[in-house]
Student: 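The structure follows.
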Amino acid sequence: MSDEALSNLLREDRLFPPPPEFAARANAKGSMYDEASADRLGFWAEQAHHLHWDAPFTEVLDWSNAPFAKWFVGGKLNVAYNCVDRHVESGHGSQVALRFEGEPGDRRDVTYNELMNDVCKAANALIELGVKGGDRVAIYMPMIPEAIVAMLACARIGAPHSVVFAGFSAEALRSRIEDAQATLVITADGQNRRGSVMPLKPAVDEAVDASPSVQRVLVVRRTGNEVPWHDRDVWWHDIVDRQSSSHTPEAFDSEHPLFILYTSGTTGKPKGILHTSGGYLTQASFTHRSVFDLKPDSDIYWCTADIGWVTGHSYIVYGPLANRVTQVVYEGTPDTPAKDRFWDIIERHRVTIFYTAPTAIRTFMKWGDELPGKHDLTSLRLLGSVGEPINPEAWIWYRDTIGGGHCPIVDTWWQTETGAIMISPLPGVTACKPGSAMRPLPGIGAAVVNDAGTPLGNGNGGYLVLTEPWPSMLRGIWGDDQRYIDTYWSRWPQYYFAGDGAKLDEDGAIWVLGRVDDVMNVSGHRISTTEVESALVSHPKVAEAAVVGASDEMTGQGIVAFVILRGGVDDGEGLAKEFRAHVAKEIGPIAKPRQILIVQELPKTRSGKIMRRLLRDVAENRNLGDVTTLADPTVMNLIAGGMSTAQPED
Ligand code: WT7
């Protein structure tokens with residue numbers, strides 16, 4: 001973030017207290033902060049007791065093997081039972097759990113009774129396919145009810161799932177299958193995107209052909225397009241539909257692995273973030289109940305995330321279902337058939353709680369006020385934001401134009417690694433400042449520290465750290481304990497280093513400023529510069545590449561690549577397009593550079609390290625900073641001169 005943007009942000013002094021009617025009925029009261037600070041572990045034990053335990057835990061936290069935590073030691077539970085059966089048993093079987101809406105307009109309501117039957121059948125099918133507790137299952141699916149059923153079926157039989165966003169490439173899927181040694185892949189024939197069918201099966205086939213660990217591929221029929229077929233493939237309707245709808249859930253240890261979710265780090269290889277059962281479900285459900293204020297008997301909740309990201313795991317599947325939510329699940333894009341699709345959905349379903357990302361909010365702002373203005377959005381009572389800092393202008397627009405000026409906004413800071421929300425207003429308690437995630441939730445410890453790891457006072461900026469273990473924290477990186485320690489716990493061994501910069505304002509509110517490592521945030525998605533660089537240099541025409549994230553009005557950051565061609569390759573037209581397509585093939589369309597600049601040299605220090613800071617200056621059209629440490633100070637002039645010719649994405 002530029003200094004100017006930062007100081008604008010910190011001049012923000014508007015304050016929005018919760019409406020009194022909201023505060024009076026809110027699930028979370030201000031006293032929670034005191035309770036949690038008086039007895040943090042007791043507070044979490046109390047939250048854990050909202051779940052059903054088959055065997056009680058005997059210790060809240062075992063931190064003796066730090067940074068590898070064990071929460072709710074000795075406790076046993078079944079996550080799927082907690083998210084589904086329990087609600088049927090308490091007499092809510094006919095409550096709608098999922099209000100599914102396909103992009104083409106097809107609708108399907110799934111009650112808790114039906115969800116229980118579907119999950120049991122799918123669990124029985126997985127068992128028939130040879131999946132055992134502990135086996136990893138890769139899920140590469142569109143946003144359809146079967147995706148949620150598949151995740152819950154895995155949880156039910158204790159087979160950790162690894163959901164791979166269906167927008168990722170075959171190669172990205174393959175590398176994630178390989179890292180986790182998944183034995184089964186669950187997918188669909190295709191998904192509906194922007195009015196057409198986007199096939200999924202060919203990418204799965206390509207990935208699985210190169211994945212010896214995979215034995216079977218389970219395919220949901222969604223779009224009805226022709227798909228190539230192999231002996232290892234089985235249709236979901238052929239095997240799931242004929243299963244018994246009863247399945248006895250097994251109680252698993254609180255620390256039994258629930259899922260692996262890959263996220264970009266500072267090296268080329270994505271990290272398999274490992275989450276376990278009891279602590280994860282405790283914090284996912286607690287935060288959903290208190291930050292989103294869910295009232296299970298009256299709310300219609302809608303989180304627009306995809307199950308391919310952690311938001312979909314924690315705030316579509318596990319947290320909400322554990323709290324007996326009724327929620328909208330939407331398959332498609334916000335502009336199909338028209339740019340008011342989201343507002344249309346909110347109006348028709350009478351959505352009360354809406355959770356989306358700043359990049360989407362900024363896009364809606366650009367599309368104009370007439371679109372939400374055509375719809376009755378008065379059902380809304382709470383709005384949420386996640387994925388990147390929300391600029392005050394977007395916050396205010398969200399509040400006024402979508403929330404009708406009366407809905408509290410919760411700006412929720414968290415990460416794939418934290419598993420659940422960590423820093424956020426409590427909607428009935430906190431007076432919010434537009435653009436600030438405000439304060440750590442009860443039971444959570446956070447600080448802003450300097451290089452030496454010393455916590456800073458109000459009015460200072462530094463690095464955001466978490467000071468205490470929390471229930472839904474990652475338990476490690478799949479297969480790489482050392483990388484877990486190195487990445488998060490080595491800079492200051494007593495703190496978890498989140499990778500974000502932050503500032504404490506004069507009142508102690510936290511302003512998250514964005515990543516301080518080589519990780520970009522594009523439309524709320526984390527992409528590492530190194531990953532895109534490796535994708536670029538794997539192209540036969542590329543000798544070297546350097547990638548930076550440049551600030552972008554719409555997407556937060558945009559990817560800008562500087563590429564040196566191999567000898568003998570002409571800087572011809574169409575090269576940038578070719579490289580962009582190559583990155584899409586290697587990683588996925590979300591990683592396509594916004595601009596590609598062909599250069600002769602890259603700015604390097606005398607020891608050969610690429611100076612990204614200077615490249616960022618160029619990419620953001622800023623005057624060049626200090627170039628005296630460069631081995632060849634003249635290269636920057638050449639690069640900066642070429643910037644104007646870099647073509648923005650077509
Ligand atoms: C990174 C985590 C958390 C689910 C979606 C992204 C950024 C996230 C906020 C926020 C400012 C935010 C941070 C964080 N981030 N939420 N409310 N304000 N920044 O999960 O892919 O693991 O990315 O997203 O930089 O480190 P993720």
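Quantities reported herein were computed from a predicted structural model and do not represent experimental measurements. Ligands are counted one by one from 1 in listed order, and the atoms in each one are counted from 1 as well. Values below: every heavy atom of this structure, side chains too, minus hydrogens, waters and symmetry copies. Residue numbers run from 1 in the order of the sequence given.
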Student: With the threshold set at 4.0 Å, does a side-chain nitrogen-carboxylate oxygen contact exist between E553 and K366?
Tutor: no
Student: Would you kindly say whether E586 and S169 are connected by a side-chain donor-acceptor distance under 3.5 Å?
Tutor: no
Student: Return the residue, atom name and 0.1 Å-rounded distance of the protein heavy atom closest to atom 16 (N) of ligand 1.
Tutor: G387 N, 3.1 Å
Student: Can you tell which of W489, Y484, Y488 makes a ring pair (Phe, Tyr, Trp, His ring centres under 6.0 Å) with F68?
Tutor: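 Only one option passes, and that is Y484.
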Student: With atoms numbered from 1 as shown, which atoms in ligand 1 lie under 4.0 angstrom from a non-hydrogen atom of N521?
Tutor: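 In order of numbering, the contacting atoms are 7 (C), 24 (O).
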Student: Identify the closest protein heavy atom to atom 5 (C) of ligand 1: which residue and atom is it, and at what distance?
Tutor: T311 OG1, 3.5 Å
Student: Nearest heavy atom to atom 14 (C) of ligand 1 wins, so pick from V512, D500, I423.
Tutor: D500
Student: Which ligand 1 atoms does P389 reach within 4.0 Å, using its non-hydrogen atoms?
Tutor: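 Every atom of ligand 1 under 4.0 Å from some heavy atom of P389: 11 (C), 18 (N), 19 (N).
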Student: Is the NZ or CZ atom of R176 both under 6.0 Å from the centre of the six-membered ring of Y140 and within 45° of that ring's axis?
Tutor: no
Student: Heavy-atom pairs closer than 4.0 Å: do any link ligand 1 to the side chain of I390, the backbone, both, or neither?
Tutor: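 For I390, there is no contact with ligand 1 at all, from either part.
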Student: Measure Q415 to ligand 1 on non-hydrogen atoms and call it side chain, backbone, both or neither using the 4.0 Å cut-off.
Tutor: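 Q415 to ligand 1: contacts from backbone and side chain alike.
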Student: Does this structure show an ion pair linking R491 with D451, if we count only N-O contacts that are shorter than 4.0 Å?
Tutor: yes
